[in-house]
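Just below is one structure, and these are the notes that go with it.
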Amino acid sequence: MFHVGSARSVLFNYVFAKNQGGTFVLRIEDTDTERNQPEWTEGIMKAIRWLGCDWDEGPYFQSERADLYKAAADRIMSRGQAYFCDCSRDALVARTGNQQVGYDGFCRDRGLQGGPGQALRFRVPDSGSTTVVDLIRGTPTFELSTIEDFVIVRSNGEAMFLLANVADDIDMRISHVVRGEEHLPNTPKAQLLWQALTDLPLPIWAHVPVLVNEKRQKLSKRRDKVALEQFRDEGFVMPAMRNYLMTLGWAPRGEHEIVPFETIIEQFQLSDVNSAPAFFDIKKLSAFNGDYIRAMSPVDFEVACEPWLDPAWDRDVFRQMVPLIQTRLVTLAEVPALVGFVFAMPVIDDSAWTKAMSADWVPGFYIDVLSAFSAMTNAQWDAESLKSTIENIGTEHDQKLGKAQAPVRVAVTGSTVGPPLFEALVVLGRDEVLARMTAAGERLANT
RNA sequence: GCCCCCAUCGUCCAGCGGCCUAGGACAUCGCCCUUUCAAGGCGGUAACACGGGUUCGAAUCCCGUUGGGGGUGCCA
């Protein structure tokens with residue numbers, strides 16, 4: 001499961017790196033070995049590739065870099081900026097009587113020597129402040145007195161992600177860190193660690209706003225639809241998703257939001273990114289998707305449809321339907337419903353039948369159409385002839401074409417809506433059309 | 001509670017002190033086109049949260065209020 005919010009962050013990183021001529025590094029932050037599942041990593045990389053954001057360097061796995069983190073912890077320890085602690089959460093709460101307060105520094109000067117059950121905490125200075133340089137948010141400043149002594153190495157010896165990230169950022173010479181806004185409160189801690197580990201200048205940060213739902217809460221996989229894979233499986237195409245995600249918090253210059261990815265890369269500036277949370281609007285995504293589908297070449301469109309087609313369907317027949325359906329889609333998943341009638345007669349929808357067949361002019365009109373169709377030679381079986389045939393018979397029954405085509409459409413396609421009728425009749429062929437008309441005629445006679 | 005962030009149409013963006021009687025996109029409404037449904041064309045409704053400053057002049061700068069959001073884990 002790859003969260004669309006993560007996808008957006010990846011995209012911003014990628015586009016920024018490309019715009020700057022920089023190197024996009026993929027690092028898998030799998031320090032929590034108890035919870036990590038190997039298949040997650042596979043899914044992450046697959047999703048990033050699907051987005052077209054191939055990395056220039058990596059992937060690096062934090063789970064394989066424990067030595068680096070150990071060395072970093074030792075260095076901080078040797079500088080006296082960390083201490084061991086064996087306080088449990090419960091003990092802390094019991095001491096302070098407050099569920100929401102940070103660590104109270106109980107073990108600061110107990111001189112614990114480390115060992116099972118003891119975590120390593122960073123000794124945050126009691127006074128002073130640290131200022132984060134953020135391309136999107138300016139320079140938020142944090143008072144050190146409000147930051148607790150946080151854990152950097154778990155009691156099982158594993159580094160926490162904060163330590164691992166800083167050690168890696170230094171080791172990998174990371175210049176810019178682009179990530180979700182939810183990490184902003186971690187940043188002063190990261191800077192403290194950074195300065196304890198190296199004299200190298202701090203990285204430049206960019207905290208992109210979170211994506212929210214219609215209730216303006218951060219998108220969560222528990223209550224919201226957020227899986228990139230799910231959108232893909234529901235027929236959203238990558239360029240549409242990519243373009244849409246880029247318009248959340250940012251927009252290309254000018255009057256158009258739908259622009260080539262190259263243009264986005266060319267124009268993107270982190271300093272232009274908005275800092276307010278953005279609503280992930282599936283309706284707007286859908287509009288982008290329809291637009292991208294319409295813009296495809298017929299061949300590309302056919303290829304894109306393939307996963308949604310029944311293997312038994314004749315691809316040559318489908319190809320004839322392509323120009324009739326391409327403007328009628330929001331997602332590719334709608335393709336089967338639109339063309340299915342060509343390959344097999346669907347069950348006629350009851351309300352469609354009633355709607356199209358209940359008028360008193362229908363039976364007579366219907367018989368005329370049936371006989372006209374049977375009379376048509378193969379040479380006349382083309383969209384224009386079929387159209388004027390229906391049109392003329394309709395006129396005889398005092399009906400406009402819009403009304404007159406309805407009974408035929410329902411008889412042949414099972415629905416009142418669908419691709420252009422006469423073109424579809426041509427694809428179906430005279431025999432098949434007549435067979436369906438006859439079947440419908442029998443049903444008409446019996447009701 | 002504490003820390004931090006944010007605030008332009010219903011939504012996403014544009015706007016970086018005068019070009020704003022605030023522009024575009026999605027959504028919505030109407031008209032046109034039309035073989036259904038779409039697509040397409042044309043047009044409409046719709047916003048600077050509030051209160052104080054600063055300034056000749058503020059959507060744009062400052063302060064406050066209100067309202068949202070994020071964080072507050074030996075998760076990332």
Side-chain angles (χ1 to χ4, degrees), chain A residues 6 29-32 34-36 62 85-89 98-103 117-121 132 134 136-138 140-143 145-148 150-162 164-165 179-188 207 209-210 212 214-218 244 247-258 272 274-281 283-288 290-291 294 324-330 338 352 356 383 386-387 390-391 394 400-406 408-410 413 415-424:
Chain A
S6 308
E29 304 189 335
D30 54 353
T31 48
D32 192 347
E34 282 177 27
R35 288 191 216 180
N36 265 297
Q62 290 190 326
C85 167
D86 63 359
C87 299
S88 66
R89 185 74 207 170
N98 191 333
Q99 284 283 353
Q100 292 168 309
V101 82
Y103 185 63
Q118 296 184 23
L120 191 65
R121 284 185 185 273
V132 172
D134 189 300
I136 297 175
R137 277 151 218 283
T141 297
F142 298 81
E143 292 300 325
S145 60
T146 65
I147 300 174
E148 65 175 323
F150 53 95
V151 173
I152 55 178
V153 179
R154 294 190 187 86
S155 55
N156 68 4
E158 284 176 2
M160 291 285 287
F161 96 111
L162 215 41
N165 283 5
R179 49 168 16 177
E181 183 189 5
E182 64 270 24
H183 288 291
L184 188 54
N186 290 325
T187 311
H207 288 93
V210 293
V212 298
E214 59 289 324
K215 287 158 75 182
R216 304 215 70 83
Q217 300 161 309
K218 184 171 134 183
Y244 175 64
T247 67
L248 262 21
W250 182 82
R253 277 182 242 123
E255 307 275 81
H256 299 284
E257 292 182 305
I258 295 184
D272 290 337
N274 229 75
S275 39
F279 171 48
F280 182 75
D281 186 356
K283 269 196 181 159
K284 188 157 180 180
L285 203 213
S286 300
F288 273 48
D291 211 282
R294 271 171 252 128
L324 307 182
I325 63 170
Q326 203 173 345
T327 61
R328 271 161 254 264
L329 296 168
V330 169
L338 226 38
L386 288 164
K387 182 184 171 186
I390 299 291
E391 205 161 25
K400 294 243 169 70
L401 185 55
K403 281 275 186 200
Q405 57 92 43
V408 182
R409 177 182 291 279
V410 171
T413 75
S415 167
T416 55
V417 299
L421 180 61
F422 308 114
E423 291 76 356

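Just so we're on the same page: letters track the sequence lines, and every chain starts at 1. Computation of the quantities below employed the complete heavy-atom set of this structure, encompassing side-chain atoms and omitting hydrogens, waters and symmetry-equivalent molecules.
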Quick one: pull up [atom1] in [X] and [atom2] in [Y] and give me the separation to the nearest 0.5 Å.
| X | Y | atom1 | atom2 | answer |
| --- | --- | --- | --- | --- |
| A:Leu162 | A:Asn186 | CG | CG | 5.5 Å |
| A:Gln62 | A:Asp30 | CD | CG | 6.5 Å |
| A:Asn36 | A:Thr31 | CG | OG1 | 7.5 Å |

Taking the [atom1] atom of each, how far is [N] from [M], in whole Å?
| N | M | atom1 | result |
| --- | --- | --- | --- |
| B:G15 | B:G23 | C1' | 8 Å |
| B:U60 | B:G1 | P | 29 Å |
| B:G18 | B:A58 | P | 12 Å |
| B:A47 | B:C26 | C1' | 16 Å |
| B:C5 | B:A14 | C1' | 22 Å |
| B:A27 | B:C16 | C1' | 29 Å |
| B:G51 | B:C13 | C1' | 28 Å |
| B:A25 | B:A39 | P | 15 Å |

Would you say [X] places a side-chain N or O within less than 4.0 Å of OP1 or OP2 belonging to [N]?
| X | N | result |
| --- | --- | --- |
| A:Thr31 | B:A76 | yes |
| A:Asn274 | B:A14 | yes |
| A:Arg89 | B:G73 | yes |
| A:Arg216 | B:C12 | yes |
| A:Lys284 | B:C12 | no |
| A:Arg137 | B:C6 | no |

Distance check needed: [N] [atom2] versus [X] [atom1], whole Å only.
| X | N | atom1 | atom2 | answer |
| --- | --- | --- | --- | --- |
| A:Phe161 | B:C75 | CZ | P | 11 Å |
| A:Ile147 | B:G71 | CD1 | P | 17 Å |
| A:Lys215 | B:U11 | NZ | P | 16 Å |
| A:Phe142 | B:C3 | CZ | C1' | 8 Å |
| A:Glu181 | B:C5 | CD | P | 10 Å |
| A:Asn186 | B:C75 | CG | P | 13 Å |
| A:Leu421 | B:U34 | CG | P | 18 Å |
| A:Glu214 | B:C12 | CD | P | 12 Å |

Within the 4.0 Å heavy-atom criterion, would you say [X] contacts the bases, only the backbone, or no part of the nucleic acid?
| X | answer |
| --- | --- |
| A:Pro140 | sugar-phosphate |
| A:Phe422 | base |
| A:Ser155 | base |

Candidate nucleotides [options], ranked by approach to the side chain of [X] - the nearest:
| X | options | answer |
| --- | --- | --- |
| A:Arg154 | B:U35, B:C74, B:G71 | B:C74 |
| A:Val417 | B:C37, B:G71, B:C5 | B:C37 |
| A:Lys387 | B:A76, B:U35, B:G71 | B:U35 |
| A:Arg328 | B:U35, B:C74, B:C37 | B:C37 |
| A:Glu182 | B:A39, B:C74, B:G70 | B:G70 |
| A:Ala251 | B:A14, B:U35, B:C75 | B:A14 |
| A:Gln217 | B:C74, B:C26, B:G69 | B:G69 |
| A:Pro277 | B:C75, B:C6, B:U35 | B:C6 |
| A:Ala278 | B:C4, B:U72, B:C12 | B:C12 |
| A:Lys283 | B:A27, B:U11, B:U35 | B:A27 |

Ignoring hydrogens and angles, state whether a donor on the side chain of A:His207 or A:Thr187 is under 3.5 Å from an acceptor on the partner side chain. yes
Quick check: any donor-acceptor pair below 3.5 Å linking the side-chain of A:Glu255 to the base of B:G23?
no
Note: for A:Pro209 and A:Ala383 on RNA chain B, the residue whose nearest nucleotide lies more 5' is A:Pro209
Walking RNA chain B from its 5' end, the first of A:Gly418 and A:Asp291 to be reached, judged by nearest nucleotide, is A:Gly418
A:His183 and A:Phe161 aromatic ring geometry - parallel, tilted or perpendicular at 30°/60° bounds
tilted
Specify the closest pair of heavy atoms between [X] and [Y], including all atoms of both residues, with the distance to one decimal.
| X | Y | result |
| --- | --- | --- |
| A:Val210 | A:Glu181 | N-OE1, 3.2 Å |
| A:Leu248 | A:Phe279 | CD1-O, 4.0 Å |
| A:Thr416 | A:Arg409 | O-CD, 3.1 Å |

